[in-house]
Amino acid sequence: FELERLGVHESVEAVFPPAELAASLSHLPAEVAVIGDDEIAGCDAVVTLEHREAFLEVEWVHSIQAGVDRFPFDEFEDHDVILTNSTGIHDRTVGETVAGYLLMFARRLHDHVANQQERRWDRPEWDAAFTLPGSTACVVGTGTLGKGVAETLGGLGVRVTGVRRSGDPVPGFDEIYTTDRLLEAIADAEFVIVTVPLTDETHHLFDAEAFDAMRDDAYFVNVARGSVVDEPALIDALEADALAGAALDVFEAEPLPEDSPLWGMDEVIISPHCAAYTRDYFRDTGDIVRENVDRLADGAEFHNRVV
Ligand code: NDP
């Protein structure tokens, strides 16, 4: 198809100002504009966060997220709409966020922040703080996020194991398990970190049985998607002290409802689905879009094509 008009859908506003991306793409050989729902029809391609029914009438949709579970693949296929995603850019951002969670738990920094809110001078128990070297983190999903987490934690002296479907080795991981050995893989880890896409296979991959398999002193981290976890089962495990704590960036319902018991737990760190945020996000996304506009001109296969 010929790219004449590319829309930057206003839903990207949740992550960066749409106008920043539009300006950075202004040198493309096509008209680039920030668009609302009523202007989708006039575009050949759209860069977006959310899905809209009207996208089925354009040629190409680019998701600014790596996770594309919100898009109806079958309908895209039926309407011959190309879908691309933004995998490949979240390695360092999410890796550093996860390292931050682990350091907060190990060095008790979350306690200090909580105490400061109350103007309370209160030191941790003598045996509460620890250091990371010598501990093991099991990272479930060894793609861009998993590799970024492994590289960042490796630099902090953590031994990192991974879980993926194929079981092939991945640089940065000391050991790789196949998904059918998940319970074995997570059994001895002090930290279990989830970085898989949400698919039919990974829906509720972490259920009561998985939390039961984990050590009682282990911390659970989810930076993937909320529905990879059976959230009530996680809450039960935390309430029963069957886990030491959790750091959660994603939830089954977002925003996390005000009445969720997770908000009130001392050993739970909550971030509002922003583990990958960076002021460079629009540039990183723009690079993928630009690459694909070049490929379109060359008649080459799109980078990061999902459908
Ligand atoms: P990638 O496609 O690069 O990696 C996905 C990895 O998951 C692959 O290593 C794949 O390995 C593995 N995988 C897929 N299915 C399974 C399974 N059933 N069991 C075990 N491993 C599996 O994706 P990204 O790393 O870029 O992103 C991963 C997900 O993280 C996204 O889909 C998104 O939902 C989420 N995300 C969250 C962000 C946030 O802000 N919190 C930011 C960015 C992404 P193999 O093929 O060998 O199974």
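Any value given below was found using the heavy atoms of this structure, including those in side chains, with hydrogens, waters and symmetry copies removed. Atoms within a ligand are numbered from 1 in the order they appear, just like the ligands themselves. This structure is a prediction, so every number in the text was calculated from the model and none was measured.
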Only residue of Val81, Val307, Leu56 satisfying side chain to side chain contact (heavy atoms under 4.5 Å, CB included) with Glu75 is Leu56
For Glu31, the salt bridge (Lys or Arg N to Asp or Glu O under 4.0 Å) test, sequence neighbours excluded, returns Arg5
Residues at least two apart in sequence or cross-chain that pass side-chain hydrogen bond (donor to acceptor under 3.5 Å, both in side chains) with Arg107, listed by chain then number, are none
In short, Ala275 meets Val223 closest at the heavy-atom pair CB-CG1, 4.0 Å
Contacts of Thr152 meeting side-chain hydrogen bond (donor to acceptor under 3.5 Å, both in side chains) (sequence neighbours excluded), chain-then-number -> none
- Query: Is the His90-Tyr281 ring centre distance short of 6.0 angstrom?
  - Reply: yes
Using heavy atoms and a strict 4.0 Å limit, residues surrounding ligand 1 turn out to be Ala66, Gly67, Thr87, His90, Gly141, Thr142, Gly143, Thr144, Leu145, Val163, Arg164, Arg165, Ser166, Thr179, Thr195, Val196, Pro197, Glu201, Thr202, Val223, Ala224, Arg225, Asp249, His273, Ala275, Ala276
